[in-house]
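Heads up, the thing below is written out as structure tokens.
In what follows, residues are counted from 1 in the order of the sequence shown.
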Amino acid sequence: MLEKDYISKIKDEKIKKPMLKISNFFEPYIGNDHDDESKIFFEKNNIDEYYQRLEKNNIKQEISSLRKEVSQKEYSVLNSFVLSLQRNTNQFIKDEKYRTSRKIKKMIYSYLNVSRMTQNLEEIEAVRKGDDVDTKVILSLSLVNLEEDNIKANEEVDNISQIMESNTNYVVLPIQGCTTTLFITIFKKFSHIDIIHIAGHTDNSRRNVMLKFVDSNMGFEAFKRATHSHQFSLAVLNCCSTFEFALGNKIPNASTCILHQDLVLRDVAYNFMECFFQTFEHTEDVHPSWEYAVQNSNENPLRYYCVLPNLNS
């Protein structure tokens with residue numbers, strides 16, 4: 001789905017108005033799998049030009065307008081991501097030391113999160129407040145690498161959101177890269193997150209595998225502390241070496257756990273999750289979803305591991 005399609009689906013007109021201007025600014029900087037021009041963009045002259053465009057288009061003011069509207073309507077989850085976008089933008093504008101390619105990348109990922117979180121505002125807030133106790137939450141998170149110059153939305157996370165859109169028993173929280181602080185904050189905002197799905201980058205450069213967040217890496221013990229208050233029905237860590245990340249074990253607070261051993265190619269990871277959630281969307285049962293994903297996997301040999309109740313794998 002194109003960025004403009006996310007904006008067109010926003011139901012609240014007072015949020016859509018500033019989001020349209022913000023989206024028009026950020027959309028040209030979002031790459032794709034065949035985009036080679038983004039590397040040139042992060043050269044010094046282009047960073048200066050980016051600053052000038054921010055000022056000319058009054059993006060700081062548009063984000064402030066958005067934040068005011070979101071705060072007034074008490075959209076707590078969206079507000080966290082708008083605040084992240086606002087902080088990154090203000091730092092970039094006010095202080096030259098923050099005018100770096102890394103800060104621009106943080107701004108773009110913050111924008112991507114805001115655009116995704118505008119899609120199911122009422123449903124997300126109803127669950128967060130406890131007004132809706134029936135709808136279950138799927139947290140779908142992409143881990144990003146700020147060393148890469150081609151900044152784009154994680155297609156796996158976007159695809160899961162679209163697949164589960166027609167299932168009213170679940171609502172998806174799609175996150176396109178975030179800090180460890182924001183990750184922890186999300187778990188504090190909800191009394192229960194039923195499914196956690198993680199895609200994207202891990203850091204295998206040290207002895208222990210780490211999850212790659214925007215501000216720092218997170219090891220297995222820190223991950224357990226961050227999520228310990230939630231009992232997941234399913235934890236899917238669809239990244240390189242998550243079997244090693246979990247020390248060859250399962251996630252202790254997950255009834256069912258899917259991990260991958262060693263490296264996993266992007267198309268393999270995408271295909272596996274697409275098959276899994278296409279089945280899960282209408283069965284809401286992990287067993288047939290796992291079996292269908294395994295049968296249709298394009299990985300040979302298969303390096304996915306699953307700990308399922310009453311199923312050895």
* Asked: In Å, rounded to the nearest 0.5 Å, how long is the span from CG of N159 to CD1 of I163?
  -> 4.0 Å

* Is R303 positioned over the aromatic face of F243, cation under 6.0 angstrom from the ring centre and no more than 45 degrees off axis? -> no

* **Backbone N/O of S8 and side chain of K16: donor-acceptor pair under 3.5 Å** => yes

* Can R99 and D48 be counted as an ion pair, charged N to O under 4.0 angstrom? -> no

* Asked: Atom OG1 in T118, atom NZ in K11: separation rounded to 0.5 Å?
  -> 11.0 Å

* Hey, are T135 and D132 close enough side-chain-wise for a donor-acceptor pair under 3.5 Å? -> yes

* Taking C-beta and beyond as the side chain, do I15 and L121 meet within less than 4.5 Å on heavy atoms? -> yes

* Asked: Does Q119 reach the side chain of I124, with side-chain heavy atoms less than 4.5 Å apart?
  -> no

* Asked: Mind checking whether H230 and F232 have parallel, tilted or perpendicular rings, split at 30° and 60°?
  -> parallel

* **Pair E122, Y75: side-chain N/O donor-acceptor within cut-off below 3.5 Å** => yes

* Asked: Between H197 and F277, how do the two ring planes meet: parallel, tilted or perpendicular, split at 30° and 60°?
  -> perpendicular

* Please report the shortest heavy-atom distance between L182 and S80, naming the atom on each side. => CD1-CB, 3.8 Å

* Side-chain donor/acceptor of E244 to backbone N/O of Q261, under 3.5 Å -> no

* Asked: How far does CG of N154 sit from CG of L143, to the nearest 0.5 angstrom?
  -> 9.0 Å

* To do: Work out which heavy atom in V286 is nearest to a heavy atom in T256; give both atom names and the distance.
  => CG1-CG2, 3.7 Å

* Asked: Would K56 and E49 satisfy salt bridge (charged side-chain N to carboxylate O under 4.0 Å, His left out), going step by step from the backbone distance to the final call?
  -> CA-CA 10 Å; K56 181 180 178 181; E49 183 182 330; over 6 Å; no

* Check step by step if side chain to side chain contact (heavy atoms under 4.5 Å, CB included) holds for D158 and R116. => CA-CA 9 Å; D158 280 350; R116 270 66 180 161; 2.9 Å; yes

* Check against side chain to side chain contact (heavy atoms under 4.5 Å, CB included), F25 and I22 -> CA-CA 5 Å; F25 176 83; I22 293 167; 5.9 Å; no

* Asked: Below 6.0 angstrom between ring centroids: does that apply to Y111 and Y29?
  -> no

* Consider only side-chain N and O atoms of E284 and N167, and report whether a donor and an acceptor are under 3.5 Å apart. => yes

* **E69/K73 salt bridge by N-O under 4.0 Å criterion** => yes

* To do: Determine, step by step, whether L173 and V137 satisfy the side chain to side chain contact (heavy atoms under 4.5 Å, CB included) criterion, reporting the C-alpha distance in whole Å, the side-chain angles of both residues, the deciding distance to 0.1 Å, and the verdict.
  => CA-CA 7 Å; L173 291 179; V137 177; 3.8 Å; yes

* Determine, step by step, whether R266 and E155 satisfy the salt bridge (charged side-chain N to carboxylate O under 4.0 Å, His left out) criterion, reporting the C-alpha distance in whole Å, the side-chain angles of both residues, the deciding distance to 0.1 Å, and the verdict. => CA-CA 10 Å; R266 184 183 301 172; E155 294 177 348; over 6 Å; no

* Asked: Are V144 and Q176 close enough, and set up right, to give a side chain to side chain contact (heavy atoms under 4.5 Å, CB included), and what steps lead you there?
  -> CA-CA 8 Å; V144 302; Q176 299 280 348; 5.7 Å; no

* To do: Would you please indicate if the ring centroids of F245 and F220 are separated by under 6.0 Å?
  => yes

* Are E123 and R128 ion-paired here, with the side-chain N under 4.0 Å from a carboxylate O? -> no

* Ring geometry between H260 and Y304 (parallel below 30°, tilted from 30 to 60°, perpendicular above 60°) -> perpendicular

* What about the rings of W290 and F280, do their centers lie closer together than 6.0 Å? -> no

* Mind listing the closest non-hydrogen atom pair of N113 and P174 along with its distance? => OD1-O, 4.1 Å

* Heavy atoms, side chains only, cut-off 4.5 Å: are D262 and C240 in contact? -> no

* Asked: Taking the side chain as C-beta and beyond, is there a heavy-atom pair between Q231 and S255 under 4.5 Å?
  -> yes

* To do: Give a yes or no on whether the backbone of K224 and the side-chain of N253 come within a donor-acceptor separation of less than 3.5 Å.
  => no

* Within the 6.0 Å centroid threshold, strictly below: F276 and Y292 -> no

* **I175 vs S142 side-chain heavy atoms within contact, under 4.5 Å** => no

* State, without any angle test, whether K103 and N88 hold a side-chain donor-acceptor pair at a distance under 3.5 Å. => yes

* Asked: Atom OG in S191, atom NZ in K129: separation rounded to 0.5 Å?
  -> 14.0 Å

* Give the C-alpha distance, both sets of side-chain angles, the deciding distance and a yes or no for side chain to side chain donor-acceptor pair (under 3.5 Å) between S84 and S110. => CA-CA 6 Å; S84 174; S110 293; 3.2 Å; yes

* To do: State, with a plain yes or no, whether a side-chain heavy atom of E274 is found less than 4.5 Å away from one of E156.
  => no

* To do: Taking the side chain as every heavy atom from C-beta outward, state whether T89 and Y98 have any atom pair closer than 4.5 Å.
  => no

* Lys/Arg-Asp/Glu bridge criterion (N-O < 4.0 Å) met for E62, K17 -> no

* Do V236 and M210 belong to the same hydrophobic cluster, where Ile, Leu, Val, Met, Phe, Trp and Tyr are linked whenever their side-chain heavy atoms lie under 4.5 Å apart, directly or via other members? -> no

* To do: Indicate if I47 and I59 have the same hydrophobic cluster label, given that clusters are the connected sets of ILVMFWY residues with side-chain heavy-atom separations under 4.5 angstrom.
  => yes

* Asked: How close do T283 and S289 get, heavy atom to heavy atom, and via which atoms?
  -> OG1-OG, 3.7 Å

* Side chains of L265 and L263: does their closest heavy-atom pair fall under 4.5 Å? -> no

* To do: First locate atom CG of D149, then atom OG of S101, and finally report the distance between them rounded to the nearest 0.5 Å.
  => 6.5 Å

* **Whether N169 side chain and K136 backbone form a donor-acceptor pair below 3.5 Å** => no

* Asked: Does any N or O in the side chain of N238 come within less than 3.5 Å of the main-chain N or O of A269, such that one atom is a donor and the other an acceptor?
  -> yes

* Asked: Within the distance-only criterion (no hydrogens, no angle test), does the side chain of N24 pair as donor or acceptor with the backbone N or O of L20 below 3.5 angstrom?
  -> yes

* To do: Please round to the nearest 0.5 Å and tell me the distance separating atom OG of S161 and atom CD1 of I138.
  => 8.5 Å

* Asked: Counting heavy atoms not belonging to R53, are there more than 12 under 6.0 Å from its CZ?
  -> yes

* **For the student: nearest non-hydrogen atoms of G177 and L141, plus distance** => N-CD1, 4.4 Å

* To do: Would you check if the side chain of E125 reaches a backbone N or O of V77 as a donor-acceptor pair within less than 3.5 Å?
  => yes

* Asked: Crowded around E96 CD? As in, over 12 foreign heavy atoms under 6.0 Å?
  -> no

